[in-house]
Amino acid sequence: MPFAEFTDDLRVGHDEIDRQHLGLFEAINCLHDALRAGRSRQEQTDILAFLHTYTVEHFQTEEAVMRDSGYPALEAHQELHRTLVQQVNDLEEKYALGTMTLSIMTMHFLKDWLTNHIQAEDQKFAAFRRAK
Ligand SMILES: [Fe+2]
Ligand SMILES: [Fe+2]
């Protein structure tokens with residue numbers, strides 16, 4: 001079983017968003033595997049950078065879809081996205097400075113954030129789309 005499992009209840013019923021969510025889970029698993037296997041710092045840095053870029057890209061796509069559908073909670077949702085991007089930035093910076101190493105705790109933080117955000121927040125948007 002992968003570390004972060006993309007289960008059916010996480011699907012929001014929008015192809016591109018679901019595909020990107022799956023991609024984010026895969027990136028988290030990739031980073032987790034690199035950590036477990038004791039891969040080089042460079043390799044971990046690269047995966048972390050990819051996860052960061054992909055997260056930003058996903059948030060942009062998701063927010064555009066929300067904007068196009070006239071989602072009333074867009075601004076609050078954007079704020080949640082911004083907070084995570086900030087946290088990932090901090091993480092990357094500390095990691096680059098050598099003031100922290102990646103840990104299982106960090107991996108759980110990323111996995112739990114993503115899972116909870118999709119379940120609680122992205123699904124609210126999915127419900128809004130279904131109700132339209
Ligand atoms: Fe979201
Ligand atoms: Fe999302």
- Item | Stepwise side chain to side chain contact (heavy atoms under 4.5 Å, CB included) check, Phe25 with Ile118 | CA-CA 11 Å; Phe25 272 80; Ile118 296 174; 3.9 Å; yes

- Should Asp46 and Gln42 be marked as a side chain to side chain donor-acceptor pair (under 3.5 Å) after you check the CA-CA gap, both sets of side-chain angles, and the distance that decides it? CA-CA 6 Å; Asp46 291 347; Gln42 187 56 53; 2.9 Å; yes

- Go through the steps for Thr101 and Thr106 under the test side chain to side chain contact (heavy atoms under 4.5 Å, CB included), then give the verdict. CA-CA 9 Å; Thr101 50; Thr106 313; over 6 Å; no

- Message: Quick one, Val85 with Val56, criterion side chain to side chain contact (heavy atoms under 4.5 Å, CB included). Give me CA distance, side-chain angles, the key distance, then yes/no.
- Response: CA-CA 7 Å; Val85 171; Val56 170; 4.2 Å; yes

- Message: If you apply the rule side chain to side chain contact (heavy atoms under 4.5 Å, CB included), what do you find for Glu93 with Thr99, and how did you get there?
- Response: CA-CA 9 Å; Glu93 243 169 62; Thr99 52; over 6 Å; no

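Atom CZ in Phe59 sits 11.5 Å away from atom CZ in Arg82 (nearest 0.5 Å). Note that NZ of Lys124 is 4.0 Å distant from CD of Glu121, once rounded to the nearest 0.5 Å. The line from OH of Tyr54 to CG of Leu24 is 6.0 Å long, rounded to the nearest 0.5 Å. From Thr55, atom OG1 reaches atom CD1 of Ile28 across 7.5 Å, with rounding to the nearest 0.5 Å. Gln123 contributes atom CD, which lies 11.0 Å from atom CZ of Arg11 (distance to the nearest 0.5 angstrom). Atom CZ of residue Phe3 and atom NZ of residue Lys111 lie 4.5 Å apart, to the nearest 0.5 angstrom.
Every residue two or more places apart in sequence or in another chain that forms a side-chain hydrogen bond (donor to acceptor under 3.5 Å, both in side chains) with Gln20 is listed here: His58, Thr61. By the side-chain contact (heavy atoms from CB on, under 4.5 Å) test, Asp15 is found to be paired with Arg19, residues two or more places apart in sequence or in another chain being considered. For Ala34, the side-chain contact (heavy atoms from CB on, under 4.5 Å) test picks out Arg39, Gln44, Ile47, with sequence neighbours left out.
Looking only at distances, a side-chain donor or acceptor of Lys132 sits under 3.5 Å from a matching main-chain atom of Ser69.
Classification of the His77-Tyr71 ring pair by plane angle, with boundaries at 30° and 60°, yields perpendicular.
Follow the hydrophobic side-chain contacts under 4.5 Å out from Leu84 and you never reach Leu80; the two are in separate clusters.
The neighbour count for Arg36 CZ, taken as heavy atoms of other residues, nucleotides or ligands under 6.0 Å away, does not exceed 12.
The two atoms that bring Val12 and Ala126 nearest to each other are O-CB, 3.5 Å, heavy atoms only. For the residue pair Leu102 and Leu35, the shortest heavy atom distance occurs at O-CD1, 3.4 Å.
Among the candidates Gln119, His21, Glu5, the single residue satisfying the side chain to side chain contact (heavy atoms under 4.5 Å, CB included) test with Leu10 is Gln119. The only member of His81, Gln78, Arg67 that meets side chain to side chain donor-acceptor pair (under 3.5 Å) when paired with Glu62 is His81.
Using a 4.5 Å cut-off on side-chain heavy atoms (C-beta onward), His14 and Phe125 make no contact. Using a 4.5 Å heavy-atom threshold, the side chains of Tyr95 and Arg41 count as touching.
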